[in-house]
Amino acid sequence: MAMRQFLVRRLLQGILVIWGVVTVLFGLRAVSPGDPATLMLGEGANRELVERVREEEGLNEPIYVQYLDYVGGLLQGDLGYSWQSNRDVTAMVIERIPATIELTIAATIVAIVIAIPLGVVSATRRNEPSDYGATLFSLLGISTPNFWLGLMLILVMSVWFGIPYPTMSTATVPVGAVRIPYPSYIGYDFYGFPTGRRGVGFPDAMRALVFDQSASELGAWLRYITLPALTLGTYFTALITRLTRSGMIDELGKPYVTATKAKGLPNPLIRYKHVLRNTMIPIITVLGLQMGTLMGGAVITETVFNWPGLGLRLVDALRIRDWPLMQGIIIFIALAFIVINIVVDALYTKLNPQVSAE
C-alpha cells in the first residue's frame, strides 16, 4: 500500500514537472523572434499566403488560446507538425528513439562493466598503484569534454590505427570505415572504426544472428557503436568509479564487516556479496539519474559521430528554428528522465527493505 501511494505521489510530481517543461517551452517559443508562418514558408513567401497560414494555424489567436490548444493537443498525443518538413512530430521523434536508446544503454553498460570492478579494486587496494591509476582515470574522465574525446577517438582509432578486418569473408566492411594503408596479412586488412553514422541497428543485427546464423551484422553494429558509447560513457564511468570507491571504503570500516570476518567468511565473498550490495544503493540512484542525463547529453556525441538519434535531430531543429520539433524532442527527454527516476526510486525498496517508500 505504501509503495502504491509512493508511486502515485511521484507520478503526480512527474506530471507537474512535465507541465512546467511544456509551459516554459511554449513561453520561449512565444517570445522568440521571427514569425512562425514566415519560418514555415520561407522569407520570400507571398504575403497573402503567409496570412492564410497564420489563420489556419491559429497564430492570430491570443497567446493563451494558442497555449490551451497546444496543451490540449499534447493530452491527445499530438505534438504538432514540423514547420520545415510538415511531417508529424510524433513520428519524427519515434523514428529516432531506437538509435538514442541503443547509444544510452551501450554507454551505461560500458560504465558499469568498467567502473564497478575498478572502484572495488581501488577501494580494497588503497594507496597502491592500482588505486592511483583508478583515481587518475576518474579525474581525467570527469575533466575531459565529450566533444574533444570523441574527436580524439576518431583521430586515433579511425585514422591512426587500424583494426584487423576479414577481407576474405562475406562480412561487409561498415560504411564510413577508414582503410589504413598497412599491408594485408592472412586475408585481413586494417580498418579503423567507422567515423560516423549508425549502420545496422541492434534489432536487425540480432535478427540476422538468430534467424540467419550470421554474426557479421552484429559485428558491424559493435564497430559502429563502440566509439560513440566510449565517448558518451567515459564521464559516467569516472563518476561511478569514484562513487564505488568511496562507498566501498565507508562500508569496509563498518562493524558488520568485522563481524563477517570474525565468522571466517572469505574476503571476496564479504566484498562482493555484503559490502558491494550495500554500496549499490547510491550507485543505482546515480545510474538512474545519469541515464536520463545521458539521453539529453547524447546531443554532443550524436553530433560528433553523426549518430542518427534524438540529439542530432534536436541540433538540426535548433539550426532551422523548427519549434514544434524542438518542443517534441525536449518533452520526450523530460518524460524519459521522469520515468527512469520513478523506476530507480521504486528499486530502492527492493534492493534494501530498510529503505521505506515513505
Side-chain angles (χ1 to χ4, degrees), residues 4-41 49-98 100-101 104 288-289 291-299 309-346:
R4 186 179 301 173
Q5 291 174 347
F6 165 77
L7 291 176
V8 169
R9 189 168 67 245
R10 293 302 308 271
L11 188 60
L12 292 175
Q13 291 172 348
I15 291 173
L16 283 176
V17 172
I18 287 294
W19 173 74
V21 170
V22 169
T23 303
V24 170
L25 287 173
F26 188 86
L28 290 174
R29 169 181 161 178
V31 299
S32 65
D35 178 32
T38 305
L39 290 173
M40 292 182 208
L41 300 172
L49 183 59
V50 170
E51 287 299 327
R52 192 168 68 191
V53 168
R54 289 182 60 82
E55 188 69 29
E56 291 175 353
E57 297 294 328
L59 299 173
N60 291 325
E61 300 288 344
I63 195 67
Y64 71 89
V65 174
Q66 294 183 43
Y67 173 72
L68 292 176
D69 286 344
Y70 182 69
V71 174
L74 290 181
L75 292 176
Q76 300 175 40
D78 181 14
L79 293 173
Y81 286 83
S82 165
W83 285 354
Q84 292 296 320
S85 64
N86 201 31
R87 292 182 58 201
D88 183 26
V89 169
T90 304
M92 296 180 73
V93 171
I94 290 175
E95 70 186 22
R96 292 296 183 97
I97 290 175
T100 296
I101 290 179
T104 303
L289 291 172
M291 278 195 73
T293 305
L294 284 177
M295 292 194 70
V299 173
L310 284 174
L312 184 60
R313 177 145 282 176
L314 178 60
V315 171
D316 292 339
L318 284 167
R319 189 178 299 124
I320 58 178
R321 297 174 62 192
D322 193 338
W323 272 98
L325 186 54
M326 279 191 281
Q327 287 172 289
I329 294 172
I330 294 174
I331 289 171
F332 173 79
I333 291 174
L335 191 61
F337 193 88
I338 290 168
V339 170
I340 290 172
N341 277 278
I342 292 176
V343 171
V344 169
D345 287 342

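Numbering of residues begins at 1 and proceeds along the displayed sequence.
Taking 4.5 Å as the limit, every side-chain heavy atom of P324 sits out of range of all side-chain heavy atoms of Y81. Residues M326 and L318 form a side-chain contact, since some pair of their non-hydrogen atoms from C-beta on lies under 4.5 Å apart. Inter-residue side-chain proximity for F26 and V71 is flagged as unmet; no heavy-atom pair is nearer than 4.5 Å.
Note that the CG atom of D69 and the CG atom of D78 stand 11.0 Å from one another [nearest 0.5 Å]. Taking CG from L314 and CD from Q327, the interatomic distance works out to 11.5 Å, rounded to the nearest 0.5 Å. In this structure, CG on L79 lies 10.5 Å from CZ on F332, to the nearest 0.5 angstrom. Within the model, atoms CG of L25 and CD1 of I331 stand 6.0 Å from one another, a figure rounded to the nearest 0.5 Å. Atom CG of L325 sits about 5.5 Å away from atom OG of S82, to the nearest 0.5 Å. If you take CG on L75 and OH on Y70, they are separated by 11.0 Å, rounding to the nearest 0.5 Å.
Summarising the geometry of T100 relative to G309, their closest heavy-atom pair is OG1-CA, 3.2 Å, with the distance given to 0.1 Å.
Shown here is E95, whose CD atom has more than 12 heavy atoms of other residues, nucleotides or ligands within 6.0 Å. For CZ of F337, the number of neighbouring non-hydrogen atoms (other residues, nucleotides, ligands) closer than 6.0 Å is greater than 12.
Between the side chain of R87 and the backbone N or O of M92 there is no donor-acceptor pair closer than 3.5 Å. At least one donor-acceptor pair closer than 3.5 Å links the side chain of Q66 to the backbone N or O of E61.
Residues passing the side chain to side chain contact (heavy atoms under 4.5 Å, CB included) test with A334, sequence neighbours excluded: I18, V21. Considering only residues two or more places apart in sequence or on other chains, V24 meets the side chain to side chain contact (heavy atoms under 4.5 Å, CB included) condition with L28. Applying the side chain to side chain contact (heavy atoms under 4.5 Å, CB included) rule to I342 yields the partners L7, R10, I338; only residues at least two apart in sequence or on another chain are considered.
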Exercise. Are D316 and R319 close enough, and set up right, to give a salt bridge (Lys or Arg N to Asp or Glu O under 4.0 Å), and what steps lead you there?
Worked result: CA-CA 5 Å; D316 292 339; R319 189 178 299 124; 2.9 Å; yes

